[in-house]
J.: 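Quick one: the structure is below, questions incoming.
So that the names make sense, note that chain A is the first sequence line, chain B the second, and so on, each numbered from 1.
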2 protein chains.
Amino acid sequence: MLSKKTKYGLKALAYLASVGDKEPVQIAEIAKHENISQKFLESILLTLRRNGFLGSKKGKGGGYYLIKEPKDILMTSVMRVLEGPIAMVPCVSLNFYEKCDDCPDENECSVHKLMLQVRDSALEVYRNNTLADLIS
Amino acid sequence: MLSKKTKYGLKALAYLASVGDKEPVQIAEIAKHENISQKFLESILLTLRRNGFLGSKKGKGGGYYLIKEPKDILMTSVMRVLEGPIAMVPCVSLNFYEKCDDCPDENECSVHKLMLQVRDSALEVYRNNTLADLIS
DNA sequence: CAATTAATCTACTAAAACGATAGGATAAAA
DNA sequence: TTTTATCCTATCGTTTTAGTAGATTAATTG
């Protein structure tokens, strides 16, 4: 399942992209427009800022804004920051690899074999979608 | 993330398929061979049996066995029974559809648009893999 | 029949993840 | 210096996950 965190984060990014100009948009406005708990959204936008997707401005007229062009924001990177690994098992993850403690040999593992394919197919989708693609 | 339940269930099915003959295999043997907690595996095999994947026999010489040919067991059905929906959000699920309570219009939703593609790509993988494919 | 074997079933539990919420600190603008 | 809005830390209730315990039922075997 996609977490609410990722879902809301994507929606917020899409909203910022759809607004278009680089004027800061307040959390409250995003939360209201997307029907999201404002406090929860706060923490999500914070992690998006810390990971280089958003800029922010404090005080009156402040808010969040996209740092890059929507067409330059790949879904692979957004998903990895918000949701974590794209792979369904750590042993097929490119960025979060971990060995299974059961499973003596990955190459013999049926789950490994299947999940490799699933990862690749998901990766292809995320690589072919930028934020710009989501709002068109 | 893939749950341990699904992972272990898949491994158990693969093991039963690899054994080949239709002789019952005991839980203990599967658990030992796949490094799985036997008690946990018990409940997993039970749901696989209840959902028509396995047959069972009690008493000495008993155990679990595949009911169908490995080549006739599609990953779509296994995944749906063990893991639940293949889609990452209920609003794009074929078998477990649910409307989002935020989101007034699905067709305008950026998350919906992305997750439709992810679901389709995952479905293609699961539809193209039978249990027989996993053990070859 | 009785003993053994192995699946079946119910109930419970510890730990982690999830989805928030509370409240104060900080910085910018008016 | 007041207002505005982000920043930050901590906490919290609920659900899910992964697993355990223990008794029951059914089949085989001696």
Side-chain angles (χ1 to χ4, degrees), chain A residues 1-12 16 23-32 34-67 82-85 88-90 96 98 100-102 111, chain B residues 1-12 16 23-51 53-67 82-85 88-90 96 98 100-102 111:
Chain A
M1 277 285 284
L2 196 75
S3 66
K4 301 270 182 190
K5 181 181 172 189
T6 303
K7 188 184 179 189
Y8 295 163
L10 280 171
K11 282 194 165 194
L16 288 174
E23 287 299 290
V25 179
Q26 295 163 26
I27 297 176
E29 181 183 333
I30 306 174
K32 195 176 173 190
E34 300 295 335
N35 300 308
I36 304 172
S37 144
Q38 176 167 342
K39 269 294 187 182
F40 191 24
L41 183 59
E42 245 184 69
S43 65
I44 298 169
L45 295 180
L46 216 43
T47 78
L48 284 174
R49 197 214 53 178
R50 288 182 178 137
N51 284 278
F53 294 99
L54 299 178
S56 65
K57 206 183 150 193
K58 285 185 177 181
K60 185 157 193 179
Y64 283 97
Y65 51 90
L66 290 177
I67 276 186
L82 291 176
E83 190 74 4
M88 293 186 79
V89 279
F96 302 81
E98 247 177 85
C100 300
D101 13 328
D102 57 311
V111 176
Chain B
M1 279 286 283
L2 195 75
S3 66
K4 301 272 184 192
K5 181 181 172 189
T6 304
K7 189 185 179 190
Y8 296 163
L10 280 170
K11 283 194 164 194
L16 288 174
E23 287 299 288
V25 179
Q26 295 163 27
I27 297 176
E29 181 183 335
I30 306 175
K32 195 178 174 191
H33 190 272
E34 301 295 336
N35 300 307
I36 304 172
S37 145
Q38 174 167 344
K39 270 294 189 182
F40 190 24
L41 183 59
E42 251 184 61
S43 66
I44 298 169
L45 295 180
L46 218 42
T47 77
L48 284 173
R49 197 214 52 176
R50 288 182 179 136
N51 284 277
F53 293 99
L54 299 178
S56 66
K57 204 184 152 193
K58 286 187 176 178
K60 186 158 194 181
Y64 283 97
Y65 51 90
L66 290 177
I67 277 187
L82 292 176
E83 189 75 4
M88 294 186 77
V89 279
F96 301 81
E98 248 176 84
C100 301
D101 15 326
D102 57 311
V111 176

J.: Specify the separation, in whole Å, of atom CG of L45(A) and atom P of dT6(D).
T.: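 Taking CG of L45(A) and P of dT6(D), I get 9 Å after rounding.
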J.: Can you check the L41(B) CG to dA6(C) C1' distance for me, whole Å?
T.: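 In whole Å, dA6(C) C1' lies 13 Å from L41(B) CG.
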J.: Looking across every strand, which nucleic acid part, if any, lies under 4.0 Å from I27(A) by heavy atom: base, sugar-phosphate, or nothing?
T.: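 Here I27(A) touches the backbone only, sparing every base.
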J.: Between atom CG of N51(B) and atom OG1 of T47(B), what is the distance when rounded to the nearest 0.5 Å?
T.: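 The OG1 atom of T47(B) is 6.0 Å from CG of N51(B), to the nearest 0.5 Å.
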J.: Using a strict threshold of under 4.0 Å (side-chain N to carboxylate O), is an ion pair present between E42(B) and K39(B)?
T.: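 Result for this pair is yes, salt bridge flagged.
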J.: Between R50(B) and dC9(C), does any side-chain N or O lie under 4.0 Å from OP1 or OP2?
T.: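 Yes, within the criterion.
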J.: How long is the span from the OG1 atom in T6(A) to the CE atom in M1(A), to the nearest 0.5 Å?
T.: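 Spacing of OG1 (T6(A)) from CE (M1(A)) equals 11.0 Å.
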J.: Take atom CD of E42(A) and atom P of dT4(D), then tell me their distance rounded to the nearest Å.
T.: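 Distance, rounded to whole Å: 16 Å.
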J.: To the nearest 0.5 Å, what is the distance between CZ on R50(A) and CG on L46(A)?
T.: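 It is 4.0 Å, given to the nearest 0.5 Å.
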J.: Return the value, rounded to whole Å, for the distance between atom CG of L46(B) and atom P of dA26(D).
T.: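 Taking atom P of dA26(D) as the reference, CG of L46(B) is at 14 Å.
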J.: Is the phosphate of dC8(D) approached by R49(A) (side-chain N or O, under 4.0 Å from OP1 or OP2)?
T.: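 Yes, such a contact exists.
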J.: Would you mind reading off the distance between I44(A) atom CD1 and dT6(D) atom C1', rounded to a whole angstrom?
T.: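 Rounded to the whole Å, the gap is 15 Å.
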J.: So I36(A) and I44(A), do their side chains get closer than 4.5 Å, heavy atoms only?
T.: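 Not in contact.
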J.: How long is the line joining CG of L82(A) and P of dC18(C), in whole Å?
T.: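 For the pair L82(A) CG and dC18(C) P, the rounded distance is 13 Å.
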J.: Quick check for you: to the nearest 0.5 Å, what is the distance between K32(A) atom NZ and Q26(A) atom CD?
T.: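 Going from the NZ atom of K32(A) to the CD atom of Q26(A) covers 11.5 Å.
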J.: Between the protein and nucleotides 27-30 of chain D, list the N/O to N/O atom pairs that are separated by less than 3.5 angstrom.
T.:
unit_1, atom_1, unit_2, atom_2, d
dT28(D), OP1, K57(B), NZ, 3.2

J.: Any N/O pairs under 3.5 Å between the protein and nucleotides 18-20 of chain D? List them or say none.
T.:
unit_1, atom_1, unit_2, atom_2, d
dA18(D), OP1, K4(B), N, 3.4
dA18(D), OP2, K4(B), N, 3.2
dT20(D), OP2, S37(B), OG, 3.0

J.: Between atom CD1 in I36(A) and atom C1' in dT21(C), what is the gap in whole Å?
T.: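 The distance from CD1 of I36(A) to C1' of dT21(C) comes to 16 Å, rounded to the nearest Å.
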J.: Calculate the interatomic distance between E29(A) atom CD and dT6(D) atom C1'; express it in whole Å.
T.: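 These atoms are roughly 15 Å apart.
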J.: Kindly compute the distance separating CG (L48(B)) from CG (L66(B)), expressed to the nearest 0.5 Å.
T.: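 It comes to 9.5 Å.
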J.: Begin with the C-alpha distance, continue with both residues' side-chain angles, and end with the deciding distance and a verdict on side chain to side chain contact (heavy atoms under 4.5 Å, CB included) for K11(A) and D102(B).
T.: CA-CA 11 Å; K11(A) 282 194 165 194; D102(B) 57 311; 2.8 Å; yes
J.: What is the distance from atom CD1 of I67(A) to atom CG of L16(A), rounded to the nearest 0.5 Å?
T.: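 The distance works out to 11.5 Å.
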